[in-house]
Amino acid sequence: MANKIYDVVVVGSGAGGGTLSARLAGLGVDTLVLEGGPKIDTRTDFNTHALPFEFPFRHIPIMKPGKPGYDGERSRGLGGKTQLWNAVALRFSQRDFKGRQHDGAGEDWPFDYADIAPYYDRIEREVGVCGNLDHLDDLPDGIFLPPPPLKCSDLLIQKGASKLGVKVIHVRKATLTKARGNRPACHYCGNCMSGCDVAAKYNSADAHMLPALKTGKLTLQNNSIVYDLPVSDEARVKEVRYFDRETRAQGVAKGRVVVVACACAQSVALLLMSKSSRFPTGLGNSSGELGKNFIPHITGGFELFLTELIGKPSVDDEGFLDHAYIPSFMHTRKRDYPRSFGIQFNYQNHRAAGWARSMKGMGKSYKESIKDRYPAYLTFTGYHEMIPNRDSYIDLDTENLDEYGLPRARRHWKLADEDWKLHNDMNRWCQAILDASNSEIHSANPQPATNHEIGGCRIGLDPKTSVLDAYCRSHDVPNLYVVDASAFPSSSEKNPTLTIMALASRTADHIADRLRKREV
Amino acid sequence: MASYSSDRRSVLKIFGAIGATCAYPFASDELYGQTTSGAHEHSPASAKAPLHFFNESDFATISRIADLIIPETGTPGAVGAGVPAYIDLVIARNTDQQLVVADGLRWLDSEAERAAGKKFVGLTEEQQLSILEPLCAAMDENKNNPARNIQFFSLIKSLTADGYYTSQVGLMEELGYKGNMALAAYPECVHEH
């Protein structure tokens with residue numbers, strides 16, 4: 001194998017790498033996927049259905065005993081973070097791709113919604129996304145399986161929000177509500193983010209890569225941690241250097257094209273580590289923009305009890321976690337900041353009640369107040385976009401090496417004044433919607449936190465201000481691509497994964513076309 | 001609120017259907033903790049396990065405080081749910097907490113001596129509550145109150161709540177957790193809103 005030259009070597013097997021490699025294999029392109037983590041058997045390896053009292057410290061480990069894999073959401077394994085995600089699958093809108101045209105801030109994408117729409121269609125057909133046709137201007141409808149009904153608690157929020165003219169819709173998720181191929185329909189156990197052990201929830205291993213093995217064009221190689229992408233004199237990646245996660249034995253893989261898809265900060269880190277005399281500050285960094293423009297989603301957070309449900313009997317309403325979503329509405333209203341926010345809520349399950357420790361009192365009344373509130377408990381979290389700024393970037397921490405001796409990706413972020421205005425307005429709206437829904441607020445955390453890592457390797461038309469071109473290809477290195485959320489020049493407030501998958505599918509077509517024309 | 005039946009027969013039937021499409025490898029009893037019966041291997045209530053940190057006397061005091069925080073009502077309280085053994089296990093791993101607890105236990109017995117000339121466990125329930133309730137009120141006022149005795153109470157209350165509501169008794173019997181089931185369809189809400 002050391003001598004084999006693949007058409008494409010893909011680093012990473014998550015939403016980006018999994019989608020792209022399956023598409024390439026389907027097009028007859030000889031593709032090798034290098035995944036840093038172990039092979040995961042979705043059906044047997046996760047502690048999906050465990051309960052806390054099965055463990056002395058009451059913490060449910062992600063993996064079953066003796067099964068290698070994830071020790072946290074950001075760690076490695078076949079399928080990447082799609083094994084543990086919550087499957088929210090939203091299309092970006094024309095406003096999301098052209099935010100700068102809309103409100104003058106940030107950076108636009110080098111294409112329109114219409115250019116990417118066919119790829120959203122393709123992904124939704126391939127993986128199965130449920131949702132309702134809502135006919136909203138800012139959240140394009142897709143090709144949907146029927147959504148599960150809203151929860152009782154969602155209907156209470158919907159009623160409250162409607163008093164303020166705010167819509168609550170069915171969430172859209174890449175979780176099957178009807179069986180498809182070898183994946184059954186969701187059974188609503190409520191443990192989606194513990195690894196869906198029937199793969200009703202999309203993960204890139206079961207839905208994309210494993211079926212693509214039938215083509216004979218896809219090779220999956222696990223436990224291979226890539227640490228360097230050296231370049232030739234013609235500024236092409238000449239090989240992919242990795243070591244074995246367990247034995248640390250070094251290896252080399254060769255491909256005409258190399259695709260980096262390690263999940264945002266890790267992709268940026270790999271390029272920053274791949275220094276050479278040609279690219280002394282990191283691979284493909286002639287612009288100096290590599291690692292810059294880090295724009296993660298910023299969240300707030302409330303915990304609350306719906307007063308109408310306090311004291312009601314406990315029922316099984318776990319479902320597939322959140323069933324509803326509050327899409328952006330501020331983009332059509334008068335405001336003094338750019339961009340907007342959406343709200344995700346009711347995504348907790350009831351396998352524990354960590355909020356009980358912070359309820360007031362002690363004794364019988366304390367115990368009763370917790371029992372009464374257990375069926376009424378919800379989480380409620382706004383997500384907003386931030387505008388790129390020079391204080392928000394990813395770099396390498398060369399002092400603080402990881403367990404393999406590699407520098408860690410270090411994330412820096414800071415909100416500018418306009419982001420703070422958006423953040424504070426989002427929290428005000430969350431509070432107003434909760435008040436209108438007759439909520440008893442249990443905790444409010446007004447401080448910003450990050451979720452969904454985005455940016456650091458943005459696409460654009462100008463090689464001076466962007467790292468990648470419109471097809472996610474390096475401006476500097478003609479056989480290097482990056483397909484994950486690091487490529488996004490603006491983040492939207494909508495969850496990024498469906499757009500990562502659409503971009504990956506589009507890039508796969510582009511790479512196959514270039515290989516066919518012998519351009520690489 | 002939505003209502004439907006998820007009795008054992010319907011659960012097994014759904015599993016049959018899943019098995020047909022994806023070779024589901026488990027029997028439902030292995031998979032779903034709440035459909036199995038009998039004490040669990042790690043269930044702290046199942047046996048008198050050796051202590052990891054406390055001596056018998058301190059363990060008795062901690063047990064008493066835990067049971068005053070979450071008493072037996074129609075369902076078992078903290079002691080009935082094996083919470084003190086959980087507290088012992090957690091504190092055995094945390095040297096900062098060990099110091100807080102050592103100071104707290106000493107303070108508690110000196111308060112008890114002063115009030116009634118006995119150790120805390122020897123007091124009446126009313127006397128015990130008259131020592132603990134002001135700590136609870138002060139903690140509710142400000143959970144970051146730096147006073148050592150309030151920190152002690154806050155720690156024991158947090159661990160009691162965590163341990164109780166993650167126990168089989170607390171989660172299943174008291175709260176009535178009903179998730180982790182395989183449903184053929186998600187039930188519509190039948191309430192009028």
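Here is the naming used below: chain letters follow the sequence lines, and residue numbers restart at 1 for every chain.
A search for salt bridge (charged side-chain N to carboxylate O under 4.0 Å, His left out) contacts involving R172(A) returns D134(A), D141(A), not counting sequence neighbours.
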K367(A) and T73(B): side chain to side chain donor-acceptor pair (under 3.5 Å), yes or no, with the steps? CA-CA 9 Å; K367(A) 189 178 175 186; T73(B) 51; 2.8 Å; yes
Could you give me the CA-CA distance, side-chain angles and deciding distance for L51(A) and Q168(B), then say whether side-chain contact (heavy atoms from CB on, under 4.5 Å) is met? CA-CA 9 Å; L51(A) 291 169; Q168(B) 188 150 9; over 6 Å; no
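Across every non-hydrogen atom of A50(A) and N180(B), the tightest pair is O-ND2, 4.3 Å. Nearest approach of D140(B) to G361(A), heavy atoms of both residues: OD2-N, 2.8 Å. Heavy-atom minimum distance, R357(A) versus M139(B): O-CE, 4.5 Å. The shortest non-hydrogen separation linking F53(A) to S167(B) is CD2-C, 3.5 Å. Of all heavy-atom pairs between A356(A) and A161(B), the closest is C-CB, 4.1 Å. Here the closest non-hydrogen pair linking L155(A) and C189(B) is CD1-CB, 3.8 Å.
With chain B as the partner, the residue from K364(A), R351(A), E318(A) showing the most heavy-atom pairs under 4.5 Å is R351(A). If you tally non-hydrogen atom pairs under 4.5 Å between each of G77(B), C136(B), A137(B) and chain A, the highest count goes to C136(B). Comparing V90(B), D67(B), I69(B), L129(B) by how many heavy-atom pairs each has under 4.5 Å with chain A, the most go to I69(B).
Heavy-atom contacts from other residues, nucleotides or ligands closer than 6.0 Å to CZ of R148(B) number more than 12. Under a cut-off of 6.0 angstrom, the local environment of NZ in K163(A) is crowded, with over 12 non-hydrogen atoms contributed by other residues, nucleotides or ligands.
Note that the CD1 atom of I156(B) and the CE atom of M362(A) stand 11.5 Å from one another [nearest 0.5 Å]. Taken from OH in Y366(A) to CD1 in I70(B), the straight-line distance is 5.0 Å, to the nearest 0.5 Å. In this structure, the separation between CG on L171(B) and NE2 on H350(A) is 10.5 Å, given to the nearest 0.5 Å. For the atom pair Y186(B) OH and K151(A) NZ, the distance stands at 5.0 Å (nearest 0.5 Å).
Residues Y177(B) and N349(A) form no side-chain contact, since every pair of their non-hydrogen atoms from C-beta on lies 4.5 Å or further apart. The shortest side-chain heavy-atom distance between D162(B) and R58(A) does not fall under the 4.5 Å cut-off. For the pair E174(B) and I370(A), the minimum side-chain heavy-atom distance is 4.5 Å or more.
Heavy-atom distances place both the backbone and the side chain of E133(B) under 4.5 Å from chain A. Of the atoms belonging to T160(B), not a single heavy atom falls under 4.5 Å from chain A. Contact annotation for Y188(A): both backbone and side-chain heavy atoms come within less than 4.5 Å of a heavy atom of chain B.
Applying a 4.5 Å heavy-atom cutoff, none of the residues of residues 200-214 of chain A approach chain B.
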